[in-house]
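Beneath this line is the structure, given in structure tokens, with notes to follow.
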Amino acid sequence: MALRHYTLDFNLSAPADCPTTVHGLQSIFQEQEMTETVHDTEGHGYLATFIGKNGRLVVLRVPAHGLLTIDLQCCEGDNIVQVENLLNTLEKKLRSLLHGNIKRVKRLPALTRGAAVDRYWPTADGRLVEYDIDRVVYDEDSAYQNIKIMHSQQFGNILILNGDVNLSESDLPYTQAIMGRGKENYAGKEVLILGGGDGGILAEAVKLNVYIDQMVIDGCRTHMRKACGSVLDNLKGECYQVLVEDCVPVLKKYVEEGKMFDYVINDLTAVPISTAPEEDSTWEFLQLILDLSIKVLRPAGKYFTQGNSANLTDTLALYEEQLGRLSCPVDFSKEVVCVPSYMELWVFYTVWKK
């Protein structure tokens, strides 16, 4: 069964009288028929727990200074009105007990833990976002990753791969940004799309009547049709072909054959967040894809790709260093775009041969 976790914080301007504060709240918990345990943390204040028969648990931390916190956990089916009333009563009493010693009071919306539908997903820079997700549409493990498609009332269906939000049906700004924001003339051009299993880029490109080779992991033809339309219903159309295979051998084959493209759109992965050992292989993969992509790009061609969150300036700087280490010199430009379901600004790169 899921739990609802409520938090109530008091920032204090001076040390609290721990025994008086704990004692002042005891009557409230006694009325709730909650069993009390109080621990003296040897100069670091008091920690008290209160356990109710209905499964409620309250943890009260009264420090010698700084931050007084109340954490309340209850079962998902508990009476929300009663829980809110208990928090209101505790807040009112603490305002009275700590009168003149409070700098700020903060109560956050309840966090639901362990629910059947997970609504919490992190941004690229580690901030927690609660989505308005109301149901799981699709949840399967492939040989490579976990694939989830979840429905958001605001954004439509959202594709989530291994815990990373990839694309929603409302994320046309992402697709437009990674295709050059309408500044490119694709008519009669050859375009190579790397990744893009959601079909969003392919759907937009087909509207422009271009020839495309796209390498994908199996996409979202059933549950992301607002993003991909019907282009994934068949792996080969009049002006495109979808290859469901590893893109590296195919890119190497194109290099050997001397096959060239007017545009290469890389939608495989975002730039790694750090240079930690577990991400070294991802950096190597990015470098390999970059170098192979530039080799199959015509002299006047362009390479489009995503970067990462605009907040990750160090990460983006590392990626830009990679652009200076390719087999031939390149120039680049970048653009910052707000991607709706990411709830953050995202950086996109355009790269071309000097």
Side-chain angles (χ1 to χ4, degrees), residues 114-129 131 133 135-152 155-171 174-175 178 192-203 213-228 231-233 235 242-251 265-290 292-293 305-309 312 315 319 339 341-344 346:
V117 178
D118 189 357
R119 299 163 61 105
Y120 305 98
W121 301 93
T123 59
D125 58 346
R127 292 173 290 111
L128 186 64
V129 173
Y131 286 84
I133 292 171
R135 66 182 184 273
V136 178
V137 178
Y138 180 86
D139 188 355
E140 296 289 343
D141 289 311
S142 72
Y144 310 101
Q145 61 198 328
N146 174 256
I147 305 166
K148 284 186 176 67
I149 299 176
M150 309 183 83
H151 180 262
S152 158
F155 302 119
N157 286 347
I158 303 176
L159 173 65
I160 301 173
L161 301 178
N162 281 346
D164 289 330
V165 174
N166 271 241
L167 193 79
S168 81
E169 293 178 313
S170 299
D171 287 344
Y174 176 100
T175 303
I178 206 169
L192 175 66
I193 300 173
L194 309 176
D198 51 77
I201 297 171
L202 178 59
D213 281 334
Q214 180 183 13
M215 285 158 261
V216 298
I217 297 175
D218 196 15
C220 310
R221 71 187 72 188
T222 301
H223 303 292
M224 297 283 288
R225 295 190 77 84
K226 288 183 181 178
C228 68
V231 296
L232 295 181
D233 291 349
L235 296 184
V242 177
L243 304 179
V244 185
E245 53 188 284
D246 187 348
C247 72
V248 173
V250 178
L251 272 171
I265 302 174
N266 179 358
D267 195 29
L268 289 166
T269 182
V271 172
I273 290 176
S274 74
T275 56
E278 62 270 18
E279 292 189 333
D280 285 348
S281 60
T282 307
W283 278 109
E284 291 172 4
F285 175 73
L286 270 180
Q287 181 76 23
L288 176 62
I289 295 298
L290 266 168
L292 290 172
S293 297
T305 189
Q306 63 167 314
N308 210 309
S309 168
L312 299 174
T315 289
Y319 179 72
V339 180
S341 74
Y342 290 12
M343 299 193 197
E344 58 184 323
W346 210 252

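- For the atom pair CG (L292) and CD (Q287), the distance works out to 10.0 Å, reported to the nearest 0.5 Å.
- Separation of atoms CD1 (I158) and CH2 (W121) is listed at 10.0 Å; rounding is to 0.5 Å.
- For the residue pair G163 and P122, the shortest heavy atom distance occurs at O-CD, 4.4 Å.
- Scored by the salt bridge (charged side-chain N to carboxylate O under 4.0 Å, His left out) test, R127 finds D125, E344 as partners (sequence neighbours excluded).
- Contact check for L312 versus Y319: no side-chain heavy atoms found under the 4.5 Å cut-off.
- Between F155 and Y131, the ring planes are perpendicular. Angles over 60° get that label, and only those under 30° would be called parallel.
- The OG atom of S168 sits 12.0 Å away from the CD1 atom of I149 when rounded to the nearest 0.5 Å.
- The two residues M150 and V136 come nearest to each other via the heavy atoms CE-CG2, 3.6 Å.
- Residues F285 and V248 have side chains in contact (heavy-atom distance under 4.5 Å, counting atoms from C-beta outward).
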Set out, in order, the CA-CA distance, both residues' side-chain angles and the distance that settles side chain to side chain contact (heavy atoms under 4.5 Å, CB included) for T123 and S309, then state yes or no. CA-CA 8 Å; T123 59; S309 168; over 6 Å; no

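- Separation of atoms CG (D267) and OG1 (T305) is listed at 7.5 Å; rounding is to 0.5 Å.
- Atom-to-atom distance recorded for N157:CG and E169:CD is 4.5 Å, nearest 0.5 angstrom.
- Using modelled atom types and a 3.5 Å distance limit, the side chains of N146 and N162 yield no donor-acceptor pair.
- Atom CG of D139 sits about 10.5 Å away from atom CG of D118, to the nearest 0.5 Å.
- With hydrogens and angles ignored, the 3.5 Å screen pairs a side-chain donor or acceptor of Y342 with a backbone N or O of N166.
- Using a 4.5 Å heavy-atom cutoff, the side chains of N308 and W346 are in contact.
- Within the 4.5 Å cutoff, the side chain of I178 has no heavy atoms near those of the N266 side chain.
- Although no hydrogens or angles enter the test, the distance criterion places a donor-acceptor pair under 3.5 Å between the side chain of R119 and the main chain of I133.
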